[in-house]
Amino acid sequence: MAAARRYWLMKSEPDVFSIDDLKRQRRTSWDGVRNYQARNFMRDDMRVGDLVLFYHSNAKPPGVAGIARVCKEAYPDHTALDPNSPYHDPRATKDEPIWMMVDVAYVARFPEQVTLDDLRREQSLKDMLVLRKGTRLSVQPVERRHFERVVKLGGLQVKDII
DNA sequence: GCCAACGTTGGC
DNA sequence: GCCAACGTTGGC
């Protein structure tokens, strides 16, 4: 029997890569994660089929812009080996790549972004990690009930994206 | 652009 | 193993 699907929130700066970019490309490799906790979530816990809240950080306003789905499990992030990449890490080698990435596919763009303020206003979402002061994790787990609530706030039906 | 909060580095 | 210094994140 397959393990239960998990839910995540992943941050991206829309000036760098937005939900619209993902929609155009249909899928992307989630490169550039350079935080051990975030890497460990991707490497150890993300499985094909997991659903992702695509969060626009450093945006005006910041918030959840849509949904993605994990379509390939963790593998080495080769940008760490590339001296010309902004994500280059001189410690990384082919045998010890240090950093990992997953691939995600486009699922849906919310008709209306669910802003950070919207999330804060929802009593039922008050325990979400993204709302906790000082939480900078760019890859974080989300509870199913929170995921489903955000989808509804975004104007979509859960059954339509699963 | 500011700056609080956090993660990482490196001297000891 | 401690912790000060530094770099980064990300909301504002």
Side-chain angles (χ1 to χ4, degrees), chain A residues 6-25 28-46 50-70 73-104 106-143 145-147 149-155:
Chain A
R6 298 188 199 220
Y7 301 89
W8 305 95
L9 180 148
M10 296 171 90
K11 298 178 183 173
S12 182
E13 300 190 20
D15 290 348
V16 178
F17 192 83
S18 72
I19 188 77
D20 292 320
D21 294 323
L22 182 61
K23 184 174 186 179
R24 270 190 293 277
Q25 283 181 218
T28 192
S29 52
W30 204 268
D31 59 15
V33 172
R34 296 293 179 269
N35 169 282
Y36 288 104
Q37 203 179 348
R39 179 205 65 183
N40 293 349
F41 279 132
M42 290 198 295
R43 185 190 62 192
D44 302 336
D45 299 324
M46 269 194 190
D50 286 0
L51 292 171
V52 177
L53 298 175
F54 194 112
Y55 182 90
H56 281 172
S57 60
N58 261 317
K60 293 174 186 173
V64 180
I67 306 295
R69 179 181 348 96
V70 176
E73 285 170 21
Y75 60 106
D77 180 347
H78 54 77
T79 64
L81 299 173
D82 177 1
N84 296 318
S85 168
Y87 304 127
H88 180 234
D89 182 341
R91 299 169 305 162
T93 65
K94 207 164 183 223
D95 286 341
E96 296 273 350
I98 305 180
W99 303 111
M100 309 286 280
M101 59 189 178
V102 297
D103 287 359
V104 304
Y106 174 78
V107 174
R109 182 191 198 283
F110 286 155
E112 294 256 4
Q113 175 173 273
V114 181
T115 68
L116 186 56
D117 280 345
D118 294 334
L119 298 176
R120 287 204 181 101
R121 271 195 290 272
E122 275 293 313
Q123 183 62 19
S124 62
L125 299 178
K126 66 177 170 50
D127 294 328
M128 284 187 78
L129 278 179
V130 73
L131 299 180
R132 195 171 299 173
K133 186 174 172 181
T135 295
R136 306 184 313 186
L137 257 188
S138 64
V139 176
Q140 51 183 263
V142 171
E143 290 179 33
R145 63 193 174 97
H146 291 153
F147 178 88
R149 185 75 193 119
V150 173
V151 168
K152 283 176 189 159
L153 289 172

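Order of the sequence lines sets the chain letters (A, B, ...), proteins ahead of strands, with each chain counted from 1. Everything numeric in this text was worked out from a predicted model, so none of it was measured.
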Distance-only, no hydrogens or angles: does the A:Q140 side chain make a donor-acceptor pair with backbone N or O of A:V130 under 3.5 Å?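 Yes; at least one donor-acceptor contact below 3.5 Å.
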
Between A:D21 (side chain) and A:S18 (backbone), is there a donor-acceptor pair under 3.5 Å?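 Indeed, once roles are kept as given, a pair shorter than 3.5 Å links the two residues.
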
Tell me which residues in residues 124-139 of chain A lie within less than 4.0 Å of DNA chain C, going by non-hydrogen atoms.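 Residues of residues 124-139 of chain A that come under 4.0 Å of DNA chain C are, in numerical order, A:R136.
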
Tell me which residues in residues 56-68 of chain A put a heavy atom below 4.0 Å from DNA chain C, sorted by number, or none.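 Heavy-atom cutoff 4.0 Å gives A:S57, A:N58, A:P62.
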
Using a strict 4.0 Å threshold on nitrogen-to-oxygen distance, state whether A:D77 and A:R34 make a salt bridge.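 Salt bridge flag = yes for A:R34 with A:D77.
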
Do the charged groups of A:D20 and A:R109 touch, with an N to O distance under 4.0 Å?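 Salt bridge between A:D20 and A:R109, a charged N being under 4.0 Å from a carboxylate O: yes.
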
Kindly assign one of parallel, tilted or perpendicular to the pair A:W30 and A:F54, based on the angle between their ring planes and the thresholds 30° and 60°.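 Judged by the thresholds at 30° and 60°, the geometry between A:W30 and A:F54 is perpendicular.
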
Check: A:Q113 and A:V64 side chains under 4.5 Å, non-hydrogen atoms: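 Result no, sub-4.5 Å side-chain heavy-atom pair not found.
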
Using side-chain heavy atoms (C-beta onward) and a distance below 4.5 Å, is A:I19 in contact with A:Y106?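 Answer yes - side chains close enough.
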
By side-chain hydrogen bond (donor to acceptor under 3.5 Å, both in side chains), which residues pair with A:R149, not counting sequence neighbours?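 A:R149 satisfies side-chain hydrogen bond (donor to acceptor under 3.5 Å, both in side chains) with A:E122 only.
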
What residues form a side-chain hydrogen bond (donor to acceptor under 3.5 Å, both in side chains) with A:N40, not counting sequence neighbours?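 Partners of A:N40 under the side-chain hydrogen bond (donor to acceptor under 3.5 Å, both in side chains) test: A:R43.
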
Just the endpoints, please: which first and last nucleotides of DNA chain B, 5' to 3', lie under 4.0 Å from a heavy atom of chain A?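 The footprint of chain A covers B:dA5 to B:dT9.
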
Listed partners of A:F41 passing ring-ring contact (aromatic ring centres under 6.0 Å, His included), at least two apart: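 Testing A:F41 for ring-ring contact (aromatic ring centres under 6.0 Å, His included), a comparison that skips the adjacent residues, returns A:W8.
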
